[in-house]
Amino acid sequence: MASKAILERTEVPVENDPDILAAAARLAGEDLCSISDLSSSEVRAILKLGHDVKQNPRDYRHALDAKQMVLMFEKASLRTRLSFETGINTMGGNAIFVDQTNSPLGEREAIADVARNVERWVDVIVLRTYAHDTIMEMGANSRVPVINALSDFEHPCQALADFMTLQEHFGNVRGLNFTYVGDGNNVCHSLMLTGAQLGANVTVATPRGYSPDIEIVTKAREIAEANGCEVRLLQDAHAAAENADAIYTDVCVSMGMEHESTKRAPIFRPFQVNEALMAKAAPRAVFMHCLPAHRNAEVTDAVLDSPQSIVFDQAENRMHAQKALLLLLLGGLPNSAKFQ
Ligand code: CP
Ligand code: NVA
């Protein structure tokens with residue numbers, strides 16, 4: 001889908017953009033385990049570059065020529081796997097997928113030894129894990145960048161694509177009222193940090209006992225204070241929806257938590273995003289979901305399939321935002337037509 005709004009990003013051409021140039025210098029060779037590995041200006045840089053990659057894909061066609069990416073996934077994936085694979089393939093690189101769903105990382109061989117082998121063959125390691133520590137340990141032991149493609153604690157690539165989508169829709173997210181309703185999970189954590197970094201007001205409504213991790217809340221509030229916005233935690237979905245510009249939800253049972261399905265279903269029922277909840281939001285409000293959605297559980301068909309829903313734009317932008325991230329971590333900008 002073509003961008004609806006042309007943003008502050010167009011004020012300076014990307015090849016001269018100070019945020020992008022500084023991010024390219026600082027991030028080359030780095031890991032992305034958490035959104036908090038990035039500064040606010042680095043988040044802005046990734047998104048600005050993501051918009052340009054989306055609008056001018058040919059300029060980046062050879063930017064990562066011959067670069068090798070391995071994806072090692074302990075959990076199922078549709079969007080993340082395909083958006084990373086198509087992303088690197090369309091910039092001249094290559095992806096190798098390793099299914100770890102039946103062989104969790106660290107079981108057959110120490111994670112540090114996996115890192116010391118894999119770095120000899122590939123330029124970047126993309127991990128989807130249960131334990132966040134698996135990603136941290138791979139990052140600590142690998143000389144090539146490690147990217148978190150979802151752990152139990154964070155889903156940073158999702159949040160980058162989601163805020164890129166909001167920029168597309170609203171032009172700018174500073175001062176935007178962003179509401180997350182549901183489980184205080186990995187997706188929620190990365191959204192809180194990213195929203196705070198971009199100056200959005202973030203409200204999170206969860207059932208009691210399902211709030212986001214306190215370490216993330218503290219970090220997000222510190223970032224928000226520096227950026228002149230706020231992070232609120234509520235336990236009432238309808239109060240959280242009041243005047244929201246975006247309402248976001250995710251499954252109430254994440255991968256690995258399936259044994260809690262029966263217990264969680266009634267607890268999360270008042271947090272379902274339905275037409276009554278959307279009616280509390282601002283008239284221009286959009287509905288967001290990282291997908292996969294459990295239809296008529298955390299969100300009704302009527303909302304998911306409504307004109308307010310931008311869920312497939314989010315899915316599309318996974319690829320563009322991750323292409324920007326790969327360009328920065330792999331030092332690919334000098335090889336793009338635009339930066340030569
Ligand atoms: N949103 C997301 O990460 O989707 P997948 O689990 O299909 O990769
Ligand atoms: N919170 C969900 C997100 C899936 C993309 C999970 O971890 O299963």
Side-chain angles (χ1 to χ4, degrees), residues 32-35 50 69-88 95 97-101 104-105 126-135 147-166 180-194 204-207 210-213 216 246-261 264-265 267-268 271-273 287-295 297-299 304 309-323 325-326:
L32 179 69
C33 300
S34 163
I35 283 290
M69 172 173 73
V70 68
L71 300 121
M72 306 175 92
F73 279 25
E74 293 179 345
K75 293 172 172 169
S77 173
L78 173 72
R79 282 148 289 271
T80 307
R81 176 181 177 177
L82 289 178
S83 56
F84 266 110
E85 291 195 6
T86 50
I88 196 151
F97 184 76
V98 183
D99 181 354
Q100 305 275 171
T101 52
L105 286 156
V126 180
L127 294 180
R128 171 165 282 204
T129 65
Y130 287 92
H132 189 70
D133 281 350
T134 303
I135 295 177
I147 298 177
N148 178 355
L150 181 143
S151 69
D152 284 345
F153 199 57
E154 269 206 61
H155 197 1
C157 298
Q158 180 71 51
L160 291 170
D162 294 337
F163 275 90
M164 178 178 162
T165 310
L166 284 166
Y180 176 95
V181 175
D183 189 20
N185 62 15
N186 44 8
V187 170
C188 173
H189 289 166
S190 294
L191 289 169
M192 289 173 73
L193 294 168
T194 310
V204 174
T206 64
Y210 296 89
S211 315
D213 186 273
I216 295 280
I247 297 198
Y248 195 120
T249 193
D250 184 14
V251 291
C252 63
V253 181
S254 284
M255 290 181 278
M257 304 299 291
E258 290 81 0
H259 58 283
E260 291 198 11
S261 298
R264 285 183 177 226
I267 296 172
F268 280 87
F271 291 80
Q272 183 189 65
V273 180
F287 169 71
M288 304 179 78
H289 194 306
C290 56
L291 303 178
H294 291 165
R295 285 177 171 270
E298 76 273 5
V299 56
L304 189 60
S309 172
I310 56 170
V311 298
F312 300 114
D313 295 337
Q314 294 173 251
E316 176 182 344
N317 286 335
R318 292 294 305 277
M319 182 180 77
H320 306 299
Q322 286 157 199
K323 284 174 79 168
L325 177 67
L326 289 168

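Everything numeric in this text was worked out from a predicted model, so none of it was measured. Each ligand, and each atom within it, is numbered from 1 in the order the structure gives.
To the nearest 0.5 Å, atoms SG (C188) and CD (Q158) are separated by 12.5 Å. Atoms OG and CD1, from S309 and I247 in turn, are 12.5 Å apart once rounded to the nearest 0.5 Å. Interatomic distance, R79 CZ to L150 CG, rounded to the nearest 0.5 Å: 11.5 Å.
Under 3.5 Å, the side chains of E74 and T129 contain no donor-acceptor pair of N or O atoms. Looking only at atom types and distance, the side chain of D313 has no donor-acceptor partner in the side chain of T165 under 3.5 Å away. Of the N and O atoms on the side chains of Q322 and S83, at least one donor lies less than 3.5 Å from an acceptor on the other residue.
Ligand 1 places these atoms under 4.0 Å from at least one heavy atom of L78: 5 (P), 7 (O), 8 (O). Taking every heavy atom of R318 and a limit of under 4.0 angstrom, the matching atoms of ligand 1 come to 1 (N), 2 (C), 3 (O). Every atom of ligand 2 is numbered from 1 in the order shown, and the set under 4.0 Å from a heavy atom of L150 is 3 (C), 4 (C), 5 (C), 7 (O).
Considering backbone and side-chain atoms alike, S254 places an N or O below 3.5 Å from some N or O of ligand 2. Looking at P292 next to ligand 1, no N or O pair under 3.5 Å apart turns up. Considering backbone and side-chain N/O atoms, R81 never comes within less than 3.5 Å of an N/O atom of ligand 1. When only interatomic distances are considered, the shortest N/O to N/O separation between H155 and ligand 2 does not fall below 3.5 Å.
In terms of protein heavy-atom proximity, atom 3 (C) of ligand 2 is nearest to D250 OD2, 3.6 Å. Distance from atom 7 (O) of ligand 2 to its nearest protein heavy atom, with residue and atom name: N186 ND2, 2.8 Å. Nearest protein neighbour of atom 4 (O) of ligand 1, counting heavy atoms only, is R79 NE, 2.8 Å. Counting only heavy atoms of the protein, atom 6 (O) of ligand 1 lies nearest to R128 NH1, 2.8 Å.
Comparing heavy-atom distances from atom 8 (O) of ligand 2 across H189, Q158, M255 singles out M255 as nearest.
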> After noting the C-alpha distance and the side-chain angles of F268 and E298, does the key distance pass the side-chain contact (heavy atoms from CB on, under 4.5 Å) rule?
Replying inline: CA-CA 8 Å; F268 280 87; E298 76 273 5; over 6 Å; no
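Residue-level proximity to ligand 1 for H155 is carried by the side chain, the only part with a heavy atom below 4.0 angstrom. Only the backbone of L291 comes within 4.0 Å of ligand 2, counting heavy atoms alone; no side-chain atom from C-beta on gets that close. Contacts between D183 and ligand 2, counted as non-hydrogen atom pairs separated by less than 4.0 Å, are absent for every part of the residue.
In summary, the aromatic rings of F287 and Y248 are positioned with their centroids too far apart to meet the 6.0 Å limit.
Looking at every heavy atom in both residues, M255 comes nearest to D152 through O-OD1, 4.1 Å.
For L291, the heavy-atom gap to ligand 1 drops under 4.0 angstrom.
Here the side chains of N185 and M257 are not in contact, with every heavy-atom distance at 4.5 Å or above.
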